[in-house]
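Written below as structure tokens is the structure these notes are about.
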Amino acid sequence: MSGVSRRLKRILPDGRGVVLAFDHGLEHGPLAYKGIDLSPQRIIGMAGEGGADAVLLHKGMVREKNLRDVALIVKLTGKTSLSPVETQSLVSEVENAVALGADAVAATIYFNVEDEPAMLSQFRGVWSAAREYGLPVIAFAYPRPLPKERRYKEEFVAPAARAVAEVGADIVKTYYTGDGKSWRRVIGGAAAPVLAAGGKMKEKEAEVLGMVREIMSAGGAGIAVGRNVWERADGARLLKKIVAIVHERS
Amino acid sequence: MSGVSRRLKRILPDGRGVVLAFDHGLEHGPLAYKGIDLSPQRIIGMAGEGGADAVLLHKGMVREKNLRDVALIVKLTGKTSLSPVETQSLVSEVENAVALGADAVAATIYFNVEDEPAMLSQFRGVWSAAREYGLPVIAFAYPRPLPKERRYKEEFVAPAARAVAEVGADIVKTYYTGDGKSWRRVIGGAAAPVLAAGGKMKEKEAEVLGMVREIMSAGGAGIAVGRNVWERADGARLLKKIVAIVHERS
Amino acid sequence: MSGVSRRLKRILPDGRGVVLAFDHGLEHGPLAYKGIDLSPQRIIGMAGEGGADAVLLHKGMVREKNLRDVALIVKLTGKTSLSPVETQSLVSEVENAVALGADAVAATIYFNVEDEPAMLSQFRGVWSAAREYGLPVIAFAYPRPLPKERRYKEEFVAPAARAVAEVGADIVKTYYTGDGKSWRRVIGGAAAPVLAAGGKMKEKEAEVLGMVREIMSAGGAGIAVGRNVWERADGARLLKKIVAIVHERS
Amino acid sequence: MSGVSRRLKRILPDGRGVVLAFDHGLEHGPLAYKGIDLSPQRIIGMAGEGGADAVLLHKGMVREKNLRDVALIVKLTGKTSLSPVETQSLVSEVENAVALGADAVAATIYFNVEDEPAMLSQFRGVWSAAREYGLPVIAFAYPRPLPKERRYKEEFVAPAARAVAEVGADIVKTYYTGDGKSWRRVIGGAAAPVLAAGGKMKEKEAEVLGMVREIMSAGGAGIAVGRNVWERADGARLLKKIVAIVHERS
Amino acid sequence: MSGVSRRLKRILPDGRGVVLAFDHGLEHGPLAYKGIDLSPQRIIGMAGEGGADAVLLHKGMVREKNLRDVALIVKLTGKTSLSPVETQSLVSEVENAVALGADAVAATIYFNVEDEPAMLSQFRGVWSAAREYGLPVIAFAYPRPLPKERRYKEEFVAPAARAVAEVGADIVKTYYTGDGKSWRRVIGGAAAPVLAAGGKMKEKEAEVLGMVREIMSAGGAGIAVGRNVWERADGARLLKKIVAIVHERS
């Protein structure tokens with residue numbers, strides 16, 4: 001079993017997995033989450049307590065060494081909410097992730113924007129370096145048509161998801177299209193395991209769990225959840241329930 | 001016999017060849033082919049069954065190891081249907097193709113677009129790296145004038161085909177101009193073996209075979225066929241017929 | 001204790017520190033300070049006399065070898081007042097700083113400008129090289145919305161400060177938001193030690209000291225002061241008072 | 001005698017020389033020369049038969065190994081007639097030329113265009129790599145003011161010719177200004193040997209020979225001729241006459 | 001004494017120096033100097049005869065090996081009069097200068113133009129490479145505001161001169177502001193030795209010598225003279241007088 005396969009197994013142990021995503025400090029900034037403790041210590045703690053398969057962070061937030069059994073995914077690209085340009089910069093090297101003991105790296109490609117070709121090229125470099133170290137690569141396939149709501153449409157999500165698999169992504173993460181029927185088509189066309197992005201905070205826990213069930217029924221490989229967990233004081237509790245659904249322990 | 005010559009012989013065994021092209025997952029996306037199984041397993045299987053000389057894929061789709069006698073061409077550049085920019089990114093390194101055991105690499109250059117100079121420069125890097133590994137290089141010489149239909153005109157195809165031969169392409173792949181007379185002139189001016197791109201799905205099998213005969217009568221080196229084969233449930237059967245024409249076994 | 005931690009300790013000995021900043025020769029030019037001696041000898045002398053923890057200079061100004069106990073921070077990026085473009089060039093290599101015996105390097109990222117992604121990428125290179133040499137990295141997180149006054153607003157400062165911590169900054173330097181309440185929130189969201197930029201010369205010494213107290217009461221890690229010290233003939237005297245407040249010796 | 005001097009001697013044996021240029025397949029495309037055999041075999045054969053000192057080709061056209069006594073110059077830059085951008089891409093590496101046994105390399109710089117600075121930078125890389133291998137560098141100094149006819153004016157040709165000599169060109173090739181008087185001034189100011197570009201096909205042989213005599217009387221180092229030779233069925237015969245004039249054997 | 005100090009001493013033996021500048025072939029072209037012999041042999045000869053401390057040339061003009069006691073400064077950047085873009089390309093590598101036995105290298109940075117950040121970055125590379133070889137770096141600090149006459153104003157010259165010293169220039173060369181009073185302020189704020197650019201040919205010798213005296217009285221480190229010397233048939237004679245003033249032998 002190669003390094004890539006072995007490490008993929010940590011993130012998707014039974015072919016399915018739950019990733020606790022926490023790149024929001026860079027992407028949205030602290031003011032988007034007033035009153036919420038955004039310290040990496042808290043989020044990493046939650047990931048362990050809730051039984052997530054992996055946690056996803058930028059390198060600057062990897063300080064808590066005690067990750068228990070949670071795999072570490074280092075996000076290598078980013079864009080702040082202040083940037084007027086729809087592009088993801090490479091903010092960390094694969095080597096930086098290796099030095100932190102990462103189990104995988106992640107990079108975002110925006111589609112349907114001027115810089116799409118540049119991000120595809122950037123992904124090539126990330127992929128090649130990650131392969132040298134036997135690290136799996138998770139691609140965030142994010143179409144960005146205008147107006148903003150259109151980015152969740154199947155017509156954008158499906159080709160983006162397939163594209164990143166074509167260029168080597170071991171796991172695809174993309175916007176959830178919102179219903180099981182279209183999600184099934186996205187997954188069917190992607191030719192690689194697909195994780196749904198959990199999206200914005202939903203008030204009702206039932207809504208979150210309903211979405212997770214919908215995603216898994218469609219044949220999805222799991223979910224990358226963030227705000228719905230750590231915006232809740234008792235997020236670890238909800239995370240446990242999500243994990244149970246994804247791994248069919250409920 | 002050098003590595004390049006030996007490997008070229010796999011793709012064009014008698015100076016002519018048939019390539020089953022399957023870079024459409026990246027270029028057009030899965031929604032363009034509703035109801036069709038776009039898994040690489042199926043297409044690679046078809047290539048073997050139909051007797052294609054080679055199959056052309058992006059690195060992320062090379063998973064089926066059993067390629068039988070079919071040569072593997074890894075496509076190194078790509079553009080999605082979502083991209084607003086008429087340019088081909090380098091999505092894989094020559095080294096990635098080597099690691100997959102490729103027999104050749106392929107790269108697209110768009111002509112008549114703002115980024116033509118950048119793609120020519122990019123091709124230089126691909127060519128030099130491929131030469132180091134003794135791999136032949138297939139150039140997709142694709143003019144992109146507007147409106148779209150003009151790209152099949154001889155006045156664009158002929159200089160594009162010649163240009164890629166000048167910069168070192170071992171095999172030229174370009175748009176079929178649509179008639180034997182002009183195709184003969186494209187081939188005559190190219191100074192390298194030329195494969196016609198098969199183009200969109202044609203309803204009638206006879207139409208496809210007629211086109212292949214026209215191409216070969218004009219002195220062509222063969223065809224790179226894709227949609228006309230794998231959009232058909234029984235594509236392998238048609239592929240066999242195409243192969244027979246190209247290699248003059250019919 | 002790693003090289004980074006050990007050197008950080010020189011700049012923030014008790015978790016707090018005072019940096020005498022002197023990159024104004026490049027950023028603003030000599031005419032902005034008529035009648036003031038802008039020789040590095042004078043400023044370095046002041047830093048020692050006033051008891052600053054560190055002095056921050058461009059490589060061309062590091063000539064006085066006798067830095068006493070003052071740590072040396074070499075600024076690696078810069079923009080002149082003549083430049084029509086809102087971007088910071090990389091004007092020195094990390095290796096240049098190492099050759100000068102630097103204890104840390106500093107780089108500016110402008111946010112809310114067209115070149116924000118380019119500066120984030122540039123910071124990645126600086127950070128990676130600095131890590132190889134065990135040097136801490138100080139990031140100047142400077143939002144640049146228009147009109148100019150808006151750059152001090154919490155809505156810009158807070159996400160910028162957090163962003164640089166996410167991408168690895170060991171110390172964040174950013175615009176002081178002007179009041180303790182908002183500064184507390186900036187610090188709370190940054191997830192790394194934050195230094196306030198001292199800003200323009202204030203006529204009254206009491207005003208400067210008031211600001212320093214406000215910053216420290218909010219839980220800040222200190223201040224990077226420049227003009228308020230070296231625009232005064234007796235700047236070392238004021239610097240001593242600032243140092244006393246920051247290190248709670250007053 | 002250094003490698004550069006020794007190889008220069010092959011191209012300009014008595015300080016003067018005749019180069020048969022054949023980069024037109026890339027620059028103009030085959031349709032510009034209907035009915036003419038543009039195979040490299042034919043042109044290389046002509047160069048040998050006509051006694052040219054050197055032949056100039058793109059790497060993809062160097063297939064005929066038997067160059068007899070003709071020196072090989074590999075052109076490293078190019079632009080097709082389809083490109084909407086007035087720039088020359090680097091289409092081959094110096095190393096590619098070395099692998100082909102080249103005696104020299106050539107690169108074009110367009111002047112008076114937006115990309116002039118980029119081409120000067122590109123030339124720097126070519127020059128430095130060529131020097132490592134002891135290869136002379138021929139620079140095509142081509143001003144491109146609008147309208148097109150102005151490019152032959154002394155006011156553009158003279159500074160362009162000088163500029164490439166300043167940046168290291170061993171031989172300058174530039175547009176013939178059309179009369180001996182101005183050509184003498186171009187040569188006088190260039191500070192390096194200057195070859196005239198032969199330009200478009202002239203119907204009458206006498207016209208061609210008249211031009212060559214004019215060029216040589218002005219003190220020129222020779223001519224780079226192309227279309228006037230290989231657009232003629234019996235081009236080798238005319239080439240012989242040109243060679244005789246240039247080397248004063250007539 | 002380091003290599004840099006030792007070589008600086010050749011150019012500014014008593015802290016002051018005279019450089020004969022001859023990069024005009026690239027910058028202005030031969031037609032700007034009709035009737036004047038612009039061969040490097042003549043100018044290098046003049047430098048020796050007139051007793052200049054150094055001569056400044058592009059690499060393509062360094063042919064005369066016999067430089068006597070004159071130090072060689074190789075100019076690494078350039079822009080022709082034909083270029084529509086206000087930027088200086090890197091036309092030579094530091095390594096090219098080293099191979100020619102240079103005592104120093106020079107590079108221009110334009111300020112107040114779109115490409116100022118790019119030229120500052122370019123200078124970083126030049127500086128770092130030069131340091132590796134122990135070569136001093138002379139920076140041409142040239143502001144380029146419009147209209148053209150404004151470039152000589154102190155408000156532009158002073159910050160530009162300081163900026164290049166901040167980023168490591170060992171010697172600053174900038175536009176003479178035209179009067180001793182403002183020049184004194186430029187020098188005072190620069191924090192590095194400053195040479196005045198001699199500017200256009202002045203008809204009267206007395207005018208030239210008056211300017212030199214003015215420059216030196218203001219505390220300048222000398223002058224980089226070009227046109228005023230080599231546009232004169234007996235330029236060496238004037239050069240001797242300039243040298244005498246600068247080195248206070250008159």
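Chain letters run A, B, ... following the sequence lines, proteins first and then strands; every chain starts at 1. All heavy atoms count here, side chains included; hydrogens, waters and symmetry mates do not.
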Determine the option with the most heavy-atom pairs under 4.5 angstrom with chain D, choosing from E:P84, E:G29, E:S92, E:A99.
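Answer, by heavy-atom pair count under 4.5 Å with chain D: E:P84.
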Does any backbone or side-chain atom of [X] lie under 4.5 Å from a heavy atom of chain E? Answer side chain, backbone, both or neither.
| X | value |
| --- | --- |
| D:V113 | backbone |
| D:Q122 | neither |
| D:A161 | neither |

For [X], all residues meeting ring-ring contact (aromatic ring centres under 6.0 Å, His included), sequence neighbours excluded:
| X | answer |
| --- | --- |
| E:Y175 | E:Y142, E:Y152 |
| E:H24 | E:H28, E:W230 |
| E:F156 | none |

Does E:S128 use its side chain to pair, donor to acceptor, with the backbone of E:G125 at less than 3.5 Å?
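Judged by distance alone, no pair lies under 3.5 Å.
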Using the side-chain hydrogen bond (donor to acceptor under 3.5 Å, both in side chains) rule, take D:S2 and D:S5 through it: C-alpha gap first, then chi angles, then the decisive distance, then the call.
CA-CA 5 Å; D:S2 76; D:S5 306; 3.1 Å; yes
Interatomic distance, D:Y110 atom OH to D:D115 atom CG [nearest 0.5 angstrom]
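Nearest 0.5 Å value for the OH-CG distance: 11.0 Å.
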To the closest 0.5 Å, what do you measure between CD (E:E95) and CG (E:L100)?
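E:E95 atom CD to E:L100 atom CG measures 12.0 Å (nearest 0.5 Å).
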Sort by residue number and list every member of residues 48-60 of chain E having a non-hydrogen atom under 4.5 Å from chain D.
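Those residues of residues 48-60 of chain E which have a heavy atom under 4.5 Å from chain D are E:H58, E:K59, E:G60.
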Partner chain E: residue of D:R185, D:R131, D:E155 with the largest heavy-atom pair count (under 4.5 Å):
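Option with the top pair count is D:E155.
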Do we see a donor-acceptor contact under 3.5 Å between the side chains of E:T77 and E:Q88?
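Yes, a side-chain donor-acceptor pair sits under 3.5 Å.
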Is any side-chain heavy atom of D:V186 less than 4.5 Å from a side-chain heavy atom of D:E154?
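Yes, close enough: below the 4.5 Å cut-off.
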Check whether E:L90 gets within reach of chain D through its side chain, its backbone, both or neither, counting any heavy atom under 4.5 Å.
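Both parts, backbone and side chain.
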